[in-house]
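Heads up, the thing below is written out as structure tokens.
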Amino acid sequence: SYVPMFFFYSNEREDSFLSDKTEKVSFLVGNFNNKYKEKVKLYYFDVNLDVEIINELKKKYNITNPPVVVIKEQKVVPDNINDLEKFIEK
């Protein structure tokens, strides 16, 4: 079975605490997803889209400052791939 992973991001510079951080986290999430594609199901959500499901997930996980990853019900802003690997059984 897959572990669902949600990646909340913003394409608007003023919404992301650093656009460099968004790019870095996006890169890490992509690499992590490629490495564990048999174990992880990744969903991307642009926090600026006014879509009901995104709004509900933002509320459920209290997403206020993208970029944020939610994996196994935990919010993480990963600095490296190890910050995500600890949630996956190897």
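Reckoned from all heavy atoms, side chains included, excluding hydrogens, waters and symmetry mates. Note that the coordinates shown come from a computational prediction; the quantities given were computed from them, not determined experimentally. Throughout, residue positions are numbered sequentially from 1 according to the sequence presented.
Under the 4.5 Å side-chain heavy-atom criterion for grouping Ile, Leu, Val, Met, Phe, Trp and Tyr, Phe27 is not connected to Phe32 through any hydrophobic cluster.
Using cut-offs of 30° and 60° for the angle between ring planes, the Phe6 and Phe8 rings count as perpendicular. Phe7 and Tyr44 have perpendicular rings, their planes meeting at more than 60° on a 0 to 90° scale where under 30° would count as parallel.
Using a 4.5 Å cut-off on side-chain heavy atoms (C-beta onward), Leu57 and Ile63 make no contact. The side-chain heavy atoms of Tyr9 and Val29, taken from C-beta on, include no pair separated by under 4.5 Å. Within the 4.5 Å cutoff, the side chain of Ile88 has heavy atoms near those of the Ile71 side chain. Residues Lys58 and Phe45 have side chains not in contact (no heavy-atom distance under 4.5 Å, counting atoms from C-beta outward).
Summarising the geometry, atom CD1 belonging to Ile81 is positioned 6.5 Å from atom OH belonging to Tyr36; distances are rounded to the nearest 0.5 Å. To the nearest 0.5 Å, the span separating NZ on Lys21 from CG on Asn65 amounts to 12.0 Å. Rounded to the nearest 0.5 Å, atoms CG (Asn80) and CG (Asn31) are 12.0 Å apart. Lys60 NZ to Glu73 CD: the interatomic distance, rounded to the nearest 0.5 Å, is 4.5 Å.
Within 6.0 Å of the NZ atom in Lys37, the count of heavy atoms belonging to other residues, nucleotides or ligands does not exceed 12. Within a 6.0 Å sphere centred on NZ of Lys41, heavy atoms belonging to other residues, nucleotides or ligands number 12 at most.
Under the ring-ring contact (aromatic ring centres under 6.0 Å, His included) criterion, Tyr2 pairs with no residue, sequence neighbours left out. Applying the ring-ring contact (aromatic ring centres under 6.0 Å, His included) test to Phe87 and every residue at least two apart in sequence or in another chain returns nothing.
The one candidate from Asp79, Val69, Val76 that meets the side chain to side chain contact (heavy atoms under 4.5 Å, CB included) condition with Val25 is Val69.
Between Pro67 and Thr22, the shortest heavy-atom contact is CD-OG1, 3.6 Å.
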